[in-house]
Amino acid sequence: MKRSSSSSSSLYHWVMVMVVAYTLINLVSGNDDEMIIVKYDDPTQVLLQQPYRTAFHFQPPQNWMNDPNGPMYYNGVYHFFYQHNPREAQFGSGNLSWGHAVSYNLVDWVYLEHALNPTDPFDINGCWSGSATILPDGTPAILYTGVDSQSREVQNLAIAKNPSDPYLREWIKSHHNPLMVPVDGIGTRFFRDPTTAWQGPDGKWRVIIGSEINGHGTALLYQSDDFVTWSKSPKPLHFSDATKMWECPDFYPVSVNGTNGLDTSVMDTNTKHVLKASINMDNYMRDSYVIGTYEPETDEFVVDVDFKDKSVDLRYDYGVFYASKTFYDSLKRRRVMWGWVLEADSKLDDINKGWAGLQSFPRSILLDESGKQLTQWPIREIESLRTEEVNIQNKEIEGGAEFEITGITASQADVEVSFHIPNLDDAELLLREWRDPEALCRIKNASAGGKIGPFGLMVLASDNLAEHADIFFRIYKGNDKHVVLMCSDQSRSSLREEVEKTTYGAFIDVDPSQNLSLRSLIDHSIIESFGGRGKTCITARAYPKVAVGNAARLYAFNYGTESIVISSLSAWSMKPAQLSPLHERTKSQI
Ligand code: DQQ
């Protein structure tokens with residue numbers, strides 16, 4: 001692709017983003033009965049701040065968004081709900097409502113009216129996170145946490161008013177609400193986030209609720225015959241004394257040999273189960289998971305390896321990724337995951353920009369063939385956004401070198417690269433004290449030279465490399481095999497001081513004598529990276545001052561002493577996804 005066409009399409013995109021952003025602000029502001037919206041005195045100020053708004057990641061038109069809620073595929077339409085504060089670009093627990101958007105391809109979205117707002121005594125202080133379950137008669141049902149008039153967390157039910165409305169625009173809260181209240185010593189602020197329910201062989205529904213009991217993160221188990229009357233099982237599904245409060249648990253089957261995802265109630269001898277907990281402990285937010293065997297007759301869940309601590313637990317993503325939720329996509333027979341990607345910009349800048357919070361690009365999720373971990377990959381529909389392409393084959397990068405990958409829009413790109421490491425013999429020894437990969441990535445950042453690595457990609461880089469975010473590998477010699485470290489280093493990602501510039505890292509369980517792959521989705525202020533074909537994922541935020549829009553560059557680099565070969569690299573500019581309210585779309589555009 002030629003630089004001139006990418007520049008003009010990018011310019012067009014920017015103009016469109018600004019026009020749409022301005023129009024949306026006005027449109028939504030005018031819709032008084034729906035939301036109360038912060039008014040901007042000087043809309044140009046808002047528009048000037050938009051370089052960080054994303055082109056193909058889900059964002060609401062404005063204001064604060066956090067957890068993904070109740071994703072589902074129903075009657076030909078994908079539904080996505082999200083925690084939204086319709087009043088401002090900051091978390092406001094009492095205002096939290098369920099934003100709602102629909103899609104036919106999980107890429108382009110139509111914003112609808114909010115599905116749930118805090119209006120009743122059982123949720124007057126916030127409609128918090130929850131999940132959707134499609135009942136056997138085809139009725140979509142939402143179980144969600146309400147913060148009630150006494151500030152207790154309680155579980156509520158809402159049913160789609162008209163299941164034949166393709167967009168399920170109206171939801172009726174059950175007059176039986178609240179269905180579950182904190183009893184038996186459960187803390188009133190430690191009882192939330194119901195999962196998608198599953199049905200056991202006895203026909204009873206089961207659901208788990210996140211909690212902390214006696215200081216231990218716990219998945220409380222509830223059962224019901226009719227989805228309305230729920231009773232607490234004497235034993236939780238699982239708990240861990242290595243963790244505290246479990247938010248947004250998720251529990252679902254994965255196929256041991258197959259490449260399809262499984263519906264939540266499927267369980268047979270070819271399935272294992274995944275239990276994920278979102279743990280916000282010691283100022284660190286992570287989505288950790290365990291894999292185990294679930295016996296539906298007894299509700300026993302026996303884990304292979306239990307939760308321990310943040311440096312050794314299995315995590316969906318070792319970067320900024322929290323409160324995730326999966327759903328079974330019956331159309332494509334896969335399990336799809338969404339996760340909340342937090343901001344790294346200052347609170348004041350969030351307010352000035354008028355928005356905060358992203359969703360990860362949806363990922364399909366499978367059990368790895370080792371059976372010991374999951375793998376994730378952006379859903380293949382993302383490829384419909386790929387446009388100009390560059391390819392590089394068999395290119396050696398000598399130690400200490402970098403080169404620019406030109407020909408694509410580097411601020412809005414999908415990059416897949418596969419590295420060959422010609423000589424593994426001279427790998428440095430992995431020292432015992434380097435147990436925590438994130439700490440190791442901080443000590444050995446991209447500018448600390450090594451032997452095999454650091455090598456990888458420099459993204460959202462400025463012309464003179466004053467700004468760049470780096471995703472790279474280092475190879476070490478461990479006790480009996482090579483160890484591969486993957487880092488996502490933001491330390492030089494912005495000349496703006498107020499921005500958080502966190503460095504993340506994780507080990508990848510791959511054999512580096514085979515090709516080592518890296519894929520990065522770059523979208524203005526987010527970088528989602530997948531190492532070893534999705535065995536290790538790291539999501540990061542970057543807010544460059546200079547490397548924005550057309551000024552952003554992409555490089556491959558190798559600052560180790562040993563040469564590395566790029567066996568293949570493909571990179572694409574990405575078209576923006578379509579995100580707009582229903583009244584702005586014609587039928588053919590939906
Ligand atoms: N966010 C929700 C809670 C959940 C937390 C409130 C996790 O339901 O525990 O917005 O981010």
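Just so you know, these numbers use all the heavy atoms, side chains as well, and skip hydrogens, waters and symmetry mates. Counting starts at 1 for both ligands and their atoms, in listed order. Predicted model only: the values in this text are computed from it and were never measured.
- Residues forming a side chain to side chain contact (heavy atoms under 4.5 Å, CB included) with Asn66 (at least two apart in sequence, or on another chain): Trp64, Gln83, Phe91, Leu96, Trp340.
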Query raised in the report: Does the pair Asp345 and Lys353 meet the rule for a salt bridge (charged side-chain N to carboxylate O under 4.0 Å, His left out), with working shown?
Result: CA-CA 10 Å; Asp345 211 346; Lys353 292 201 296 280; 2.5 Å; yes
Give a table of atom pairs where an N or O of ligand 1 lies under 3.5 Å from a protein N or O.
residue: ligand 1; atom: 1 (N); partner: Asp67; partner atom: OD2; Å: 2.7
residue: ligand 1; atom: 8 (O); partner: Ser129; partner atom: N; Å: 3.2
residue: ligand 1; atom: 8 (O); partner: Asp193; partner atom: OD1; Å: 2.5
residue: ligand 1; atom: 9 (O); partner: Arg192; partner atom: NE; Å: 2.7
residue: ligand 1; atom: 9 (O); partner: Asp193; partner atom: OD2; Å: 2.6
residue: ligand 1; atom: 9 (O); partner: Glu247; partner atom: OE2; Å: 3.0
residue: ligand 1; atom: 10 (O); partner: Asn66; partner atom: ND2; Å: 2.9
residue: ligand 1; atom: 10 (O); partner: Gln83; partner atom: OE1; Å: 2.7
residue: ligand 1; atom: 11 (O); partner: Asp67; partner atom: OD1; Å: 2.8
residue: ligand 1; atom: 11 (O); partner: Asp67; partner atom: OD2; Å: 3.3

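- With sequence neighbours excluded, the residues satisfying side chain to side chain contact (heavy atoms under 4.5 Å, CB included) with Asp225 are Lys204.
- With sequence neighbours excluded, the residues satisfying side chain to side chain contact (heavy atoms under 4.5 Å, CB included) with Asp226 are Ser224, Val228, Thr229.
- Below 30°, between 30° and 60°, or above 60°: for Phe81 and His100 the angle between ring planes is below 30°, a parallel geometry.
- By the 30° and 60° cut-offs, the orientation of the rings of Tyr82 relative to His84 is perpendicular.
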